[in-house]
Amino acid sequence: LLYETPIKIWYRKMPQLLGAGIDWPLVDIGLAHGDVSIAPKMIALVDSGASNSILDPEIAKYLGFDLNKIQKNKGGTSASGSYSYWTLPNSIEINIYGRTYTSNFIVIDAPNHMWSCILGHDSIFRLSKVMFNTHKKYFEISLRSDIN
C-alpha cells in the first residue's frame with residue numbers, strides 16, 4: 001500500500017459540547033450521494049472502536065435515501081445504548097482533505113446518539129493509516145494513494 005504524507009490533526013471539542021472539556025479525534029469531511037452534497041465541511045468522529053461507519057437518519061434523508069423503503073435491522077449496541085439500523089443500499093462519496101473515496105454507511109435509529117457521522121473501520125481505516133497520539137492531543141492520517 002502507498003500512503004501519502006501524514007496529516008496532523010489536533011483533537012478538538014464538539015461545538016455543541018464546548019463546556020464539556022472532552023477532546024475528540026474529529027475530521028472535517030464532505031459527503032455526496034447522487035446530485036446532493038454536504039460541502040465543504042461536516043464534522044465526523046474517527047472511531048477506532050466502530051466496525052461500521054454511521055450516519056444520522058436526517059443526514060441520510062438529506063442525501064436522498066428514503067429510510068421507509070429500506071429494511072430496518074435489529075441488534076446493535078454502542079456507547080449510546082441499543083439501536084436498530086438501516087444499511088444504505090448505495091455507497092457515499094467521502095471527501096477527506098481533498099481526496100474523494102466511496103464508502104458504505106449504516107444509519108442508526110438511536111435518539112440519544114450524539115454523532116451525526118462516525119467513520120469506522122469500513123471507511124477511514126480502510127482508506128488510510130491512522131495513528132492516535134491521545135496523550136499529545138493529536139492524531140495523524142496517512143491517506144492511501146493507491147485507491148484515489
Side-chain angles (χ1 to χ4, degrees), residues 1-18 20-65 67 70 73 75-110 112-148:
L1 301 178
L2 302 173
Y3 294 99
E4 297 181 7
T5 303
I7 301 167
K8 186 176 187 176
I9 306 162
W10 295 97
Y11 280 45
R12 58 188 179 181
K13 294 171 183 19
M14 281 292 290
Q16 66 267 35
L17 302 173
L18 284 176
I22 300 171
D23 294 311
W24 300 94
L26 303 173
V27 291
D28 294 317
I29 63 170
L31 296 177
H33 177 257
D35 295 332
V36 181
S37 65
I38 299 173
K41 294 181 184 175
M42 175 177 169
I43 296 172
L45 174 69
V46 176
D47 188 348
S48 62
S51 300
N52 300 102
S53 294
I54 300 169
L55 283 179
D56 179 85
E58 294 304 315
I59 301 293
K61 290 175 192 173
Y62 180 81
L63 290 171
F65 293 97
L67 298 179
I70 302 171
N73 302 295
T77 305
S78 74
S80 301
S82 297
Y83 61 86
S84 299
Y85 66 95
W86 299 270
T87 301
L88 296 180
N90 306 98
S91 60
I92 295 174
E93 282 188 5
I94 306 171
N95 183 297
I96 304 174
Y97 299 105
R99 300 287 188 259
T100 301
Y101 304 95
T102 60
S103 186
N104 296 317
F105 282 84
I106 65 170
V107 176
I108 65 170
D109 187 10
N112 296 326
H113 191 67
M114 67 185 281
W115 304 104
S116 58
C117 184
I118 294 176
L119 300 179
H121 280 272
D122 62 348
S123 64
I124 192 79
F125 295 94
R126 179 181 57 83
L127 305 173
S128 64
K129 180 171 43 173
V130 180
M131 181 183 298
F132 293 97
N133 293 287
T134 307
H135 64 291
K136 294 184 178 181
K137 296 193 178 193
Y138 74 88
F139 63 108
E140 294 178 328
I141 295 177
S142 299
L143 295 166
R144 286 178 56 179
S145 59
D146 62 328
I147 59 174
N148 184 13

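This chain uses plain numbering: 1 for the first residue, then up along the sequence.
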Quiz prompt | Pairing residues for Tyr138 by the ring-ring contact (aromatic ring centres under 6.0 Å, His included) criterion, not counting sequence neighbours | solution = Trp10
Self-check item: Counterpart residues, ring-ring contact (aromatic ring centres under 6.0 Å, His included), relative to Tyr11 (two or more places apart)
Solution: Phe139
Quiz item: Where is the tightest heavy-atom contact between Thr100 and Glu93, given as atom of each residue plus distance?
Solution: CG2-OE1, 3.7 Å
Practice problem: Could you tell me which non-hydrogen atom of Tyr101 sits nearest to which non-hydrogen atom of Leu143, and how far apart they are? | Solution: OH-CB, 3.6 Å
[X] side chain near [Y] side chain, heavy-atom distance below 4.5 Å:
X      : Y      : value
Ile59  : Met42  : yes
Trp115 : Leu26  : yes
Pro6   : Met131 : no
Ile94  : Leu119 : yes
Asn73  : Ile106 : no
Val130 : Ser48  : no

Roughly how far apart are [X] [atom1] and [Y] [atom2], rounded to 0.5 Å?
X      : Y      : atom1 : atom2 : value
Ile7   : Glu140 : CD1   : CD    : 10.0 Å
Tyr3   : Asp146 : OH    : CG    : 7.5 Å
Phe65  : Ile70  : CZ    : CD1   : 6.5 Å
Asn52  : Ile108 : CG    : CD1   : 10.0 Å
Ser128 : Ile96  : OG    : CD1   : 6.5 Å
Tyr97  : Ile29  : OH    : CD1   : 10.0 Å

Quiz item: Can you list every pair that meets salt bridge (Lys or Arg N to Asp or Glu O under 4.0 Å) and has a residue in residues 50-64, with sequence neighbours left out?
Solution: Glu58-Lys61
Self-check item: salt bridge (Lys or Arg N to Asp or Glu O under 4.0 Å) contacts touching residues 120-134 (sequence neighbours left out)
Solution: none
Practice problem: List in chain and number order the residues that pass salt bridge (charged side-chain N to carboxylate O under 4.0 Å, His left out) with Arg12, two or more places apart in sequence or in another chain; answer none if no residue qualifies. | Solution: Asp28
Quiz item: Got a sec, which residues hit side chain to side chain contact (heavy atoms under 4.5 Å, CB included) with Asp47, two or more places apart in sequence or on another chain?
Solution: Leu45, Ala50, Ile118
Quiz item: What residues form a side chain to side chain contact (heavy atoms under 4.5 Å, CB included) with Ser91, not counting sequence neighbours?
Solution: Thr102, Asn104
Exercise. Using side chain to side chain donor-acceptor pair (under 3.5 Å) as the criterion, list what pairs up with Asn90, not counting sequence neighbours.
Key: none
Quiz prompt | Counterpart residues, side chain to side chain donor-acceptor pair (under 3.5 Å), relative to Lys137 (two or more places apart) | solution = Asp23
Quiz prompt | Main-chain N/O of Gly49 paired to His121 side chain as donor or acceptor, under 3.5 Å | solution = no
Quiz item: Any idea how Phe125 and Phe132 line up, ring-wise: parallel (<30°), tilted (30 to 60°), or perpendicular (>60°)?
Solution: tilted
Self-check item: Residue Lys8 excluded, over 12 heavy atoms near NZ under 6.0 Å
Solution: yes
Only pairs under 3.5 Å count here: list side-chain donor-acceptor contacts from residues 31-39, not counting sequence neighbours, and write none if there are none.
from: His33; atom 1: ND1; to: Leu63; atom 2: O; distance (Å): 3.1

